[in-house]
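These notes are about the structure you will find just below.
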Amino acid sequence: MNEPSDVETVGVVGAGTMGHGIAQVAATAGYDVVMRDVETEYVDRGLEGIDSSLERLAERGALDEEPSAIRARIEGTTDLAALADAGVVVEAVIEDLEVKRDVFTDLDEVTDEDAVLATNTSTLSVTSIASATDRADAVVGLHFMNPVPVMEGVEVVVGERTDDSTVAFAHAFAAELGKETWESDDKPGFVTNRILIPWINEGIRAYDEGVATRDDVDRGMRLGTNVPMGPLELADHIGLDVVLDASRTLHEELGDRYKPAYLLKRKVAAGDLGKKTGEGFYEHD
Ligand SMILES: NC(=O)c1ccc[n+]([C@@H]2O[C@H](COP(=O)([O-])OP(=O)(O)OC[C@H]3O[C@@H](n4cnc5c(N)ncnc54)[C@H](O)[C@@H]3O)[C@@H](O)[C@H]2O)c1
């Protein structure tokens with residue numbers, strides 16, 4: 001098993017909202033990073049996201065290095081074999097168990113046997129993902145929060161077969177990235193999404209059922225409970241498709257109190273996914 005301090009290269013699979021954020025914080029912490037997505041277009045979009053985030057952080061004086069120096073440590077690719085030298089790989093592809101299991105089977109083949117394989121899943125079973133490999137002891141959940149460069153916490157999720165040394169690695173690696181951690185057993189939604197997802201769905205229902213306007217649902221929760229974002233703003237920020245996938249898993253595993261809101265399903269069916277498509281509950285530039 002690797003120690004985070006021995007790791008030189010971090011692999012990231014998926015260059016979307018979370019993947020490119022994870023690549024950015026790993027490079028900022030000094031690691032070389034290989035970020036892989038399925039199409040060049042998605043890789044390029046992820047790299048552009050990193051460029052603009054690094055520029056913003058530099059303007060605020062939040063970086064110890066020039067953005068270009070950090071950026072030079074990140075290689076974007078569509079080639080899975082480019083992850084061969086990674087000491088740890090964090091998977092952040094879409095929230096679909098079969099897609100994630102396929103990715104882990106591939107990672108098991110291409111990476112060194114000492115490499116730790118982590119999943120950023122929001123709600124899926126780490127144990128089911130790990131069982132697609134021959135190294136379930138070295139598979140762990142590393143659940144980063146969005147936006148990754150800003151949020152301080154990472155949830156470490158312990159699967160049925162995750163070895164204690166892998167859990168220790170996960171905490172230490174997150175600390176190397178400047179994050180604080182907490183630990184959750186491999187139960188649907190872990191700590192955060194088990195509680196957050198029904199909160200978001202209830203906010204969508206309150207809006208849909210005319211309890212208050214969109215803005216007042218969010219304003220009410222911001223001003224009334226001191227959260228930084230109301231449920232509808234937060235849903236746009238996360239991605240309505242991601243919220244719906246998480247809701248469906250929780251509903252399936254935990255019953256009716258986790259049923260996805262009707263309006264959430266309608267927005268996703270219309271392709272209005274929030275910030276990433278420019279329209280969700282709000283319009284975004
Ligand atoms: N968005 C959030 O707020 C948030 C927070 C925590 C965790 N997560 C979890 O992180 C994961 C990614 O979510 P996201 O919001 O970044 O989604 P996203 O849709 O922004 O990005 C997913 C990316 O994965 C890529 N992809 C799909 N199959 C792939 C494959 N086989 N190999 C490589 N890339 C592949 C897609 O092309 C896309 O670019 C999900 O499991 C999600 O539940 C999301």
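Order of appearance sets the numbers: ligands from 1, and atoms from 1 within every ligand.
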What heavy-atom pair brings Ala118 and Phe104 nearest, and what distance separates the two atoms? O-CZ, 3.6 Å
For [atom], grab the closest protein heavy atom and report residue, atom and distance to one decimal in Å.
{"atom": "atom 33 (C) of ligand 1", "result": "Val13 CG1, 3.5 Å"}
{"atom": "atom 13 (O) of ligand 1", "result": "Met18 CG, 3.9 Å"}
{"atom": "atom 41 (O) of ligand 1", "result": "Glu95 OE1, 2.5 Å"}
{"atom": "atom 30 (C) of ligand 1", "result": "Val38 CG1, 3.5 Å"}
{"atom": "atom 39 (O) of ligand 1", "result": "Asp37 OD2, 2.6 Å"}
{"atom": "atom 8 (N) of ligand 1", "result": "Ser122 OG, 3.2 Å"}
{"atom": "atom 10 (O) of ligand 1", "result": "Asn120 ND2, 2.9 Å"}
{"atom": "atom 21 (O) of ligand 1", "result": "Gly16 CA, 3.3 Å"}

Note: heavy atom closest to atom 24 (O) of ligand 1, options Val93, Asp245, Asn193, belongs to Val93
Side-chain H-bond candidate by donor/acceptor type, [X] with [Y], under 3.5 Å:
{"X": "Arg248", "Y": "Thr123", "result": "no"}
{"X": "Ser247", "Y": "Asn201", "result": "yes"}
{"X": "Thr121", "Y": "Glu95", "result": "yes"}
{"X": "Asp186", "Y": "Ser125", "result": "yes"}
{"X": "Asn120", "Y": "His143", "result": "no"}
{"X": "Asp163", "Y": "Ser165", "result": "yes"}

Evaluate [X] for polar contact with ligand 1, using N/O atom pairs at a separation under 3.5 Å.
{"X": "Asn146", "value": "yes"}
{"X": "Arg36", "value": "yes"}
{"X": "Lys100", "value": "yes"}
{"X": "Tyr42", "value": "no"}
{"X": "Asp241", "value": "no"}
{"X": "Val99", "value": "no"}
{"X": "Phe144", "value": "no"}

Let me confirm one number: the [atom1]-[atom2] distance from [X] to [Y], rounded to the nearest 0.5 Å.
{"X": "Ser53", "Y": "Arg71", "atom1": "OG", "atom2": "CZ", "answer": "12.0 Å"}
{"X": "Met35", "Y": "Leu83", "atom1": "CE", "atom2": "CG", "answer": "11.0 Å"}
{"X": "Leu47", "Y": "Gln24", "atom1": "CG", "atom2": "CD", "answer": "11.0 Å"}

Any side-chain heavy atom of Thr77 within less than 4.5 Å of one from Arg36?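 Thr77 vs Arg36: side chains touch.
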Mode of [X] contact toward ligand 1 - side chain, backbone, both, neither (heavy atoms, under 4.0 Å):
{"X": "Ile238", "value": "both"}
{"X": "Lys276", "value": "side chain"}
{"X": "Val242", "value": "side chain"}

When the ring planes of His284 and Tyr282 are compared, do they come out parallel, tilted or perpendicular, using 30° and 60° as the limits?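 The rings of His284 and Tyr282 sit tilted, inter-plane angle from 30° to 60°.
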If you measure from the Lys or Arg side-chain nitrogens to the Asp or Glu carboxylate oxygens, is any gap between Glu202 and Arg205 under 4.0 Å? yes
Is the shortest distance from a Lys or Arg side-chain nitrogen in Glu91 or Lys100 to a carboxylate oxygen in the other one below 4.0 Å?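 Salt bridge: yes.
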Atoms in ligand 1 flagged as close to [X], the criterion being non-hydrogen separation under 4.0 Å:
{"X": "Gly14", "result": "24 (O), 33 (C), 34 (N)"}
{"X": "His143", "result": "6 (C), 7 (C)"}
{"X": "Val103", "result": "31 (N)"}

Is [X] close enough to touch ligand 1? Criterion: a residue heavy atom under 4.0 Å from a ligand atom.
{"X": "His20", "value": "no"}
{"X": "Gly239", "value": "no"}
{"X": "His237", "value": "no"}

Candidates Glu279, Lys267, Lys275 - the one meeting side chain to side chain contact (heavy atoms under 4.5 Å, CB included) with Leu240: Lys267
